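Here the structure is a predicted model, which means the values were calculated and not measured. Just so it is clear, the values below take in all heavy atoms, side chains as well, and ignore hydrogens, waters and symmetry mates. Throughout, a chain's letter reflects where its sequence line sits, starting with A, and its residues are numbered from 1.
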Amino acid sequence: AQSVAQPEDQVNVAEGNPLTVKCTYSVSGNPYLFWYVQYPNRGLQFLLKYITGDNLVKGSYGFEAEFNKSQTSFHLKKPSALVSDSALYFCAVRDTNTDKLIFGTGTRLQVFP
Amino acid sequence: NAGVTQTPKFRVLKTGQSMTLLCAQDMNHEYMYWYRQDPGMGLRLIHYSVGEGTTAKGEVPDGYNVSRLKKQNFLLGLESAAPSQTSVYFCASDQGGTQYFGPGTRLTVL
């Protein structure tokens with residue numbers, strides 16, 4: 001079965017430090033990968049996606065993600081965290097059989113001042 | 001351009017009551033989805049539609065029905081609400097592979 005995993009329920013980082021939110025996937029064929037962010041009491045907002053091309057994808061709010069085919073990972077990164085980045089982050093992969101998105105369980109990012 | 005909107009934002013039901021959640025999008029997207037979000041479980045797909053007049057079951061369709069009479073609207077119905085349907089419900093629309101989400105409806109079933 002195709003799936004996506006976010007191994008960390010929560011990531012804590014100090015403001016100004018780099019951050020990484022981890023995601024691994026399992027799909028047959030070429031993966032379409034996505035990151036979404038959810039602020040409290042809001043819907044999910046699209047951050048970035050990988051379909052093909054450069055393994056380093058740049059997205060909104062200074063976030064980027066690195067696609068690593070050999071490790072089947074798509075980790076979300078930011079060089080310098082802001083307190084306002086504190087939110088719930090979801091990784092998703094497009095099921096190559098059904099075209100529907102499969103979401104991870106989410107990682108809560110807490111950035112401390 | 002309002003994007004994806006959902007009504008109502010909050011609702012409290014008693015067991016056995018019925019209600020309809022409305023999702024509207026003004027982006028002329030073909031695909032629309034209904035998800036539920038529960039703690040520790042991410043988003044689970046309830047039903048979806050690939051175009052006006054079409055609907056299909058997702059991962060957790062039991063207890064829900066949907067209709068897509070107009071391209072811009074996707075309705076989610078609960079015929080007889082149960083406490084297990086207490087959740088936050090999100091609608092999304094999709095064109096070209098990226099999904100855009102509404103703000104959500106928080107439903108409590110007592």
Applying a strict 4.5 Å limit to non-hydrogen atoms, the region of A/I51 in contact with chain B is neither
Report yes or no: do B/Y89 and A/Y36 belong to one cluster of Ile/Leu/Val/Met/Phe/Trp/Tyr joined by side chain heavy-atom distances under 4.5 Å?
no
Examine whether an atom of A/R42 lies under 4.5 Å from a heavy atom of chain B, and if so say whether it belongs to the side chain, the backbone or both; otherwise answer neither.
backbone
When the 4.5 angstrom heavy-atom criterion is applied to B/Y35 and chain A, the contacting part is side chain
Co-membership, hydrophobic cluster, residues A/Y50 and A/F63, 4.5 Å side-chain:
yes
Is it true that, when you exclude A/N12 itself, more than 12 heavy atoms of the residues, nucleotides or ligands shown sit nearer than 6.0 Å to its CG?
yes
Treat each ILVMFWY residue as a node, draw an edge where side-chain heavy atoms are under 4.5 Å apart, and state whether A/V21 and A/F67 are in one component.
yes
Kindly check if the number of other-residue, nucleotide or ligand heavy atoms within 6.0 Å of OH (B/Y31) is above 12?
no
Taking the side chain as everything from C-beta on, heavy atoms only, tell me whether B/Q99 gets closer than 4.5 Å to A/F34.
no
Flag the pair A/F103 / B/Q37 as yes when at least one side-chain heavy-atom distance between them is below 4.5 Å, and no otherwise.
no
Interface moiety of B/R44 toward chain A, non-hydrogen atoms closer than 4.5 Å:
neither
Find the one option among B/G104, B/G102, B/C91, B/P103 whose heavy-atom pairs under 4.5 Å with chain A are most numerous.
B/P103
How long is the gap from CZ on B/F10 to CG on A/N41, to the nearest 0.5 Å?
6.5 Å
Taking atom NZ of A/K49 as the centre, report whether more than 12 heavy atoms of other residues, nucleotides or ligands fall under 6.0 Å from it.
yes
With side-chain contact (heavy atoms from CB on, under 4.5 Å) as the test, would you mind laying out the steps for B/L43 and A/Q38 before giving the verdict?
CA-CA 12 Å; B/L43 273 75; A/Q38 184 181 29; 5.6 Å; no
Taking the side chain as C-beta and beyond, is there a heavy-atom pair between A/Y32 and B/T98 under 4.5 Å?
no
For atom CD of B/E52, is the number of surrounding heavy atoms from other residues, nucleotides or ligands below 6.0 Å larger than 12?
yes
